[in-house]
Amino acid sequence: MPRRPLRVTGAPEAPLRTALAALRAKLSVPEAFPPEVLAEADRAARAPALRHADATDIPFVTVDPPSSTDLDQALHLSRRGTGYRVHYAIADVAAFVTPGSALDAEAHRRVTTLYFPDGKVPLHPPVLGEGAASLLPDQVRPAALWTLDLDAEGRTVAADVRRALIRSRAKLDYEGVQKAIDTGTAEEPLALLRTIGRLREALEAERGGISLNVPEQEIVQHDHTYELTYRAPLPAEGWNAQLSLLTGMAAADLMLAHGTGVLRTLPTAPDGAVSRLRRVAQALEIDWPHHVSYADLIRTLDPDTPRHAAFLQECTTLLRGAGYTVFRDGALPALTTHAAVAAPYAHCTAPLRRLADRYTTELCLAATAAAPAPEWVLSALDRLPAEMTEGTRRSNTLERACLDLLEATVLQAHVGETFSATVIDISDDHPTRGTVHLAAPAVVGRVDSPTPLPLGTTLTVRLTEADPTGPTIRFVPA
């Protein structure tokens, strides 16, 4: 199943918290850090390895969800003649994690931060990930500081990354940033987020790239019950994501030029996958003329519209097959691009939450300095793709299980009722078994039919089972 962002409004009540705890235990989620890892993190937090220039004069800010404390990126935007300069600071995790240490080994075991409706299981101990390494406001922090110069159209004309000490001036959230920009009260460094973000979006469209504005599936608590809805992302979230993409593309170009690196790659989707989406679009009454490309269609969709939101969720199926590709000593791989980005791309902007980014950053620092990459980086490269693939698979499995649990919790009072639904997936082995997307509430569930299911058609289904302990949701054609 495709991954769908999830947000819970309000604290989960005790029965749901108990069910989530049981689910984590069932799926062997690592939670407590070993004592030696915590002790090592405490020591590193007090005495990081600093080999950094001073860039604390740049007035950085962070833009994240309000509750976030693991702040990977800080930004400062300015004009540069007729173009622009993007300063993008990334938390320098390598200043705290010694290669081969217990802390390093634990990060390789966890691979990614795991997010749940009632909290998260972090990649690094909180004393680092939410403390000494996080780019919190009014704190001097070690960072990998990217300087990206853009022309008047937003194209990259120069890229550089160096270690630097930075100090964020404010922790901003998306809604506040959006309001300040919309009302004209944002000062220029922040106001340029819209200017540069839109330029980069236009360039993305020009090269055939796609940024899916996938709505969050939101679970809203009302008087001891839960309601499932969608929340469309704000434009400011897309503009901010463009800066991350810009940096990831610059990182990929640096490593390719230097001959050693690790890329995030995705092959072009097969024709059959796109044909499947066309049938789903037809069922959802989305007009998709044959002369309109997939990328152009995506840019016409409004995630605030439920039918469009459902289709955008299904578009994530074209991202299946993404992986990590390592190359070294100038021997470039056959595939160097990410189909959705429509360019070479690398993960490098979330090292507090994703293992690979620490290694990508080190390779980019070495490339900028025209120096050999550290041996500890080179020795880990070959096993990194398998580690990241397994970590990503585990993360997606857990998120899917959490979503199933929440959907079953919402639906358990509605067993026996009927709903309008669209068939969005069919089992390759069992054509009578598939997946349906309900028009309302915002639920995806399994359907079992006595006859083969027609992909992309709308039908009425009856809910026969909604068991949070499974968790299991099943429908049959009504």
Side-chain angles (χ1 to χ4, degrees), residues 1-8 12 16-17 19-34 37-38 41 68 70 72 93 97 102-126 128-130 214 216-217 219 262-266 313 316-326 338 340 346-360 380-408 425 435 444 446 468-473:
M1 289 301 300
R3 177 185 176 188
R4 288 173 286 151
L6 174 65
R7 183 171 73 166
V8 177
L16 184 53
R17 290 198 304 272
L20 287 166
L23 179 64
R24 284 194 288 269
K26 175 182 176 182
L27 297 176
S28 303
V29 175
E31 295 208 39
F33 286 91
V37 172
L38 293 174
S68 294
D70 50 351
D72 287 287
V93 175
V97 179
L103 185 56
D104 184 34
E106 185 68 11
H108 277 268
R109 186 171 76 92
R110 294 181 175 235
V111 182
T112 66
T113 293
L114 302 174
Y115 292 92
F116 297 90
D118 57 344
K120 63 186 176 186
V121 177
L123 174 61
H124 302 102
L128 294 181
E130 299 175 53
V214 181
E216 287 183 320
Q217 192 164 17
I219 289 82
V262 52
L263 305 174
R264 182 66 166 162
T265 54
L266 175 68
Q313 299 284 4
T316 60
T317 59
L318 296 192
L319 301 179
R320 292 170 178 168
Y324 292 86
T325 301
V326 166
H338 189 290
H347 275 163
C348 67
T349 62
L352 294 177
R353 293 169 283 145
R354 195 168 49 207
L355 175 66
D357 298 43
R358 171 159 50 109
Y359 290 86
T360 305
L381 278 188
D382 290 340
R383 70 177 189 271
L384 196 59
E387 289 176 320
M388 291 304 303
T389 297
E390 174 57 24
T392 302
R393 184 204 62 77
R394 180 174 61 220
S395 175
N396 290 342
T397 298
L398 293 170
E399 288 179 4
R400 177 65 250 179
C402 282
L403 192 50
D404 287 346
L405 169 60
L406 289 165
E407 289 178 339
D425 202 8
T435 305
V444 171
R446 174 177 160 181
T469 63
T472 305
I473 300 172

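Numbering of residues begins at 1 and proceeds along the displayed sequence. Hydrogens, waters and symmetry mates play no part in the numbers below; they use all other heavy atoms, side chains included.
- Contacts of R24 classified as salt bridge (charged side-chain N to carboxylate O under 4.0 Å, His left out), with partners at least two apart in sequence or in another chain: E31, D118.
- Qualifying salt bridge (charged side-chain N to carboxylate O under 4.0 Å, His left out) partners for R264, counting only residues two or more places apart in sequence or in other chains: none.
- Every residue two or more places apart in sequence or in another chain that forms a ring pair (Phe, Tyr, Trp, His ring centres under 6.0 Å) with Y324 is listed here: H347.
- The closest side-chain heavy-atom distance from L103 to P125 is below 4.5 Å.
- Taking CZ of R394 as the reference point, atom OG of S28 lies at 10.0 Å (rounded to 0.5 Å).
- With a 4.5 Å cut-off on side-chain heavy atoms, F116 and L23 do not count as touching.
- Taking L266 as the reference, L319, A322, H338, A339, A340 meet the side-chain contact (heavy atoms from CB on, under 4.5 Å) condition, with sequence neighbours excluded.
- Side-chain contact check for P122 versus F33: some heavy-atom pair is nearer than 4.5 Å.
- The backbone N or O of A350 lies less than 3.5 Å from a partner atom in the side chain of D357, making a donor-acceptor pair.
- Side-chain atoms of M388 and V262, non-hydrogen and from C-beta on, never get closer than 4.5 Å to each other.
- Of all heavy-atom pairs between S395 and T112, the closest is CB-OG1, 4.1 Å.
- Under the rule for a side-chain contact (heavy atoms from CB on, under 4.5 Å), the partners of T397 that lie at least two apart in sequence or sit in another chain are R393.
- Scanning for salt bridge (charged side-chain N to carboxylate O under 4.0 Å, His left out) contacts around E106 gives R109, R110, with sequence neighbours left out.
- Contact annotation: the side chain of R353 approaches that of D72 to within less than 4.5 Å [non-hydrogen atoms, C-beta and beyond].
- Not counting sequence neighbours, the partners of A107 by the side-chain contact (heavy atoms from CB on, under 4.5 Å) test are L123, H124, L355, R358.
- Note that OG1 of T113 and CG of L352 are 8.0 Å apart. Values are rounded to the nearest 0.5 Å.
- Heavy atoms only, all atoms of each residue included: V326 and P385 are closest at CG2-CG, 3.5 Å.
- Annotation: side-chain hydrogen bond (donor to acceptor under 3.5 Å, both in side chains) contacts of T392 (sequence neighbours excluded): none.
- For T349, the side-chain contact (heavy atoms from CB on, under 4.5 Å) test picks out Q73, Y88, I90, S244, T247, R354, with sequence neighbours left out.
- Counting all heavy atoms, side chain and backbone alike, L114 lies closest to L398 at CD1-CD1, 3.3 Å.
- Taking 4.5 Å as the limit, every side-chain heavy atom of R446 sits out of range of all side-chain heavy atoms of I473.
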